[in-house]
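All values reported here derive from a predicted model rather than from experimental measurement. Within every chain, numbering begins at 1; the chains are lettered A, B, ... in the order of the sequence lines, protein sequences first and strands thereafter.
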Protein chains: 2
Amino acid sequence: MPRKTIADVARVAGVSKSTVSRVLGGKTRYMRAETRERVLQAINTLGYRPSVVARSLVSKRTQTVGLLISDIGNPFYHEVIRGVEDVAVAHDYSIFFCNTNYDPARSRQHFHSLVDKQVDGVLFMASGDYSSWTLDEAAQHALPLVLVDWNVEDAPPQSLLSKITLNFVPGIHEAIAHLVSLGHTRIAHVSGPHTLATARKRKQAFLDAMEKHGLDAAQAPVIEGDLRVAGGRQALGAILEIAPRPTAVLAANDLTALGLLWEARNRDISVPEQLSIVGLDDITLASQVTPALTTVSLPRYDLGKIAMQLLLEMLQSGECFTRRVDTRLVIRQSTAPSPA
Amino acid sequence: MPRKTIADVARVAGVSKSTVSRVLGGKTRYMRAETRERVLQAINTLGYRPSVVARSLVSKRTQTVGLLISDIGNPFYHEVIRGVEDVAVAHDYSIFFCNTNYDPARSRQHFHSLVDKQVDGVLFMASGDYSSWTLDEAAQHALPLVLVDWNVEDAPPQSLLSKITLNFVPGIHEAIAHLVSLGHTRIAHVSGPHTLATARKRKQAFLDAMEKHGLDAAQAPVIEGDLRVAGGRQALGAILEIAPRPTAVLAANDLTALGLLWEARNRDISVPEQLSIVGLDDITLASQVTPALTTVSLPRYDLGKIAMQLLLEMLQSGECFTRRVDTRLVIRQSTAPSPA
DNA sequence: TCGGTTTCTGAAACCGATTTCATTATGCCA
DNA sequence: TGGCATAATGAAATCGGTTTCAGAAACCGA
């Protein structure tokens, strides 16, 4: 039993395909109500559903977008994805999910597949695996792109691209202010890999905030982590060896902070009494662990929503946009007055 | 600059569309090598890529599958998704990602969208939001389905559906055996919502294992949780009020176990000295927390791989399959000899 | 040289929708 | 009652591919 087509509906309703197509598209301005009813009837009795594929062929729109992320295992993305998805569902768009696995080659393969499948646009959130080919090829195919947390200056001229930048400054400044107000002066930072632009941005915000609060940024210990729990655990060891020992740590993300927290527990260093820990992201887990994590909150759900909304606006208007998403501090139980 | 078409290639190569189509499809059996070369040349110089949309219209294949899950925030899914995606990428399939959010209405909307977009098959992993309409509609559209962890007996006759069942029995039996060997006799279970079939299955496996080890299953405390951290935290309170107090708990999943763990920490009950905790799933976090979680491991990455492979096999052969995925115990630090 | 295979290629139909353009009804006014 | 907008519908082209079918070219044995 093959799929019902518009021709079947037309036959049953006793009208032409054009007429059926019109009621499908809502172009019912010049149409007898009775005719429309007959068509609707036929559609119902047949259980007809129009073929998106056929429609896409002529309309050149697929009601589909691509979502490229680096790592589904990273909790940072979960809320983002939810945000993207909620907006997509509300506008009847579908999402091609692409996990690049931090692999540029795979990233590229995915991108080509998206082009071939004629997605209407792409959300590029795999900030690590960026190469300029992406922008060139997107421009070449006139494919609208939304870039999250990329610093792009060399975009091809006629490219359709919108950017969302993450502003870590306010949240990190608040965090340092909070620690300083608790009497901390020896504050360390566990950063992400220096190869990542986003890690460098966070670190710089940390150094600036230290400077601003009259602390010697040049002397502030910075340990390079990997944005994961394991890196946090290792970093704790390094921190304990610094003399004089820091009384507070700002981690580049929550996973790192959790690594610090759990390793501290392992070594019988009590948090927050002996060591205050501040995370960054505010992943779901942050509020669920004990002690709950004080952290710089990045509104990830909103980020996802904004990204998808931006894409939809681009699709409608053909214009490009830039947005900024701010951070702020959420105080919980992992920070306390300095023991010093 | 509109997209290049097969006609452009044909013109440049000085051949007909049919010929170009043949080299595209590899049907080059009766073709002069020189002709094929000319076509390849033209494809290259034009940077031509065939339109998947147009191709799908005639082939009725979209090289696309739908993936329905209930909650992207649930770490259970991450590895599963990775498994699915790895197989999909390897076979040049794309994935429509659908988060049902535990909402049957949304689940249905997603399903319809997938049908409209003519996916080649669907992986249904949103076990909670099951209703029989799914099977009926899938059968009606001859849409191949893979069901994970569903008990389905009333499938429509000609439906193309494969099933993967999760076998919790061996892992849970091992867990109870492990606890018993540590001297525990008062063992509680924090289950998932009894409305979920999968929660009932786990609970039953727990009761059977108790029975098998000579413990009184009828007396074993079972507390209903919600498969999340919050539920675990609450359940701990309930457990502490039971007299005589249980010395060990088997949680229905790792999130619940983590909730137990963190709430225990909150109330100064030391794990595992005073209370042994066993999780289920072996999410990534389980091995990263302190103390690391003893847990019944469900091979989630493999599960994802198997599911996608099964779908591909169905697509090829038109046959249906059933698979079973087993569990086993992973012993870490959250279990210790009974204090009693 | 001829008829019959075997290679090789192109014209045209088709997939299932949309859209343009033309045509037929209908209503209204002189 | 004729003429002319305006309303309502259908025929056919189109989107970008694949596939069928038929015809041309080359080859081969008699």
> What bend angle does the helix from dT1(C)-dA30(D) to dA30(C)-dT1(D) show across its length, from five-pair end axes and to the nearest 10 degrees?
Replying inline: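 Result, rounded to 10 degrees: 60°.
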Just the table, please: protein N/O against nucleotides 27-29 of chain C N/O, every pair under 3.5 Å.
none

I want to check one thing: is the phosphate of [N], taken as OP1 and OP2, less than 4.0 Å away from some side-chain N or O of [X]?
| X | N | answer |
| --- | --- | --- |
| S16(B) | dA11(C) | no |
| T35(B) | dT9(C) | yes |
| Y30(A) | dA7(D) | yes |

> What string of B, S and - do you get for nucleotides 14-25 of chain D 5' to 3' if you count protein non-hydrogen atoms under 4.0 Å?
Replying inline: -BBBBBB-----
Rounded to the Å, how far apart are [X] [atom1] and [N] [atom2]?
| X | N | atom1 | atom2 | result |
| --- | --- | --- | --- | --- |
| R36(B) | dT9(C) | CZ | C1' | 16 Å |
| E34(B) | dT9(C) | CD | C1' | 13 Å |
| R32(A) | dT26(C) | CZ | P | 7 Å |
| R61(A) | dT18(C) | CZ | C1' | 15 Å |

> Is there a side chain to side chain donor-acceptor pair (under 3.5 Å) between S94(B) and K117(A) once you walk through the steps?
Replying inline: CA-CA 9 Å; S94(B) 299; K117(A) 298 227 162 103; 2.7 Å; yes
> Do E137(A) and H112(A) have a side chain donor and acceptor closer than 3.5 Å?
Replying inline: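 Short answer, yes.
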> Which residues pass the side chain to side chain donor-acceptor pair (under 3.5 Å) test with T35(B), sequence neighbours left out?
Replying inline: none
>> Taking any heavy-atom pair under 4.0 Å as a contact, classify V52(A): base, sugar-phosphate, or nothing.
In response: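 No contact.
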> Hey, does V15(B) reach any base, or is it just sugar-phosphate, or nothing, if we go heavy atoms under 4.0 Å?
Replying inline: sugar-phosphate
Among pairs that include at least one residue of [range], which meet salt bridge (Lys or Arg N to Asp or Glu O under 4.0 Å), considering only residues two or more places apart or in two chains?
| range | value |
| --- | --- |
| residues 7-26 of chain A | D8(A)-R11(A) |
| residues 313-323 of chain A | none |
| residues 32-45 of chain B | R32(B)-E34(B), E34(B)-R38(B) |
| residues 51-71 of chain B | R82(A)-D71(B) |

Residues forming a ring-ring contact (aromatic ring centres under 6.0 Å, His included) with [X], sequence neighbours excluded:
| X | answer |
| --- | --- |
| Y93(A) | none |
| Y48(A) | none |
| H110(A) | none |
| F76(B) | none |

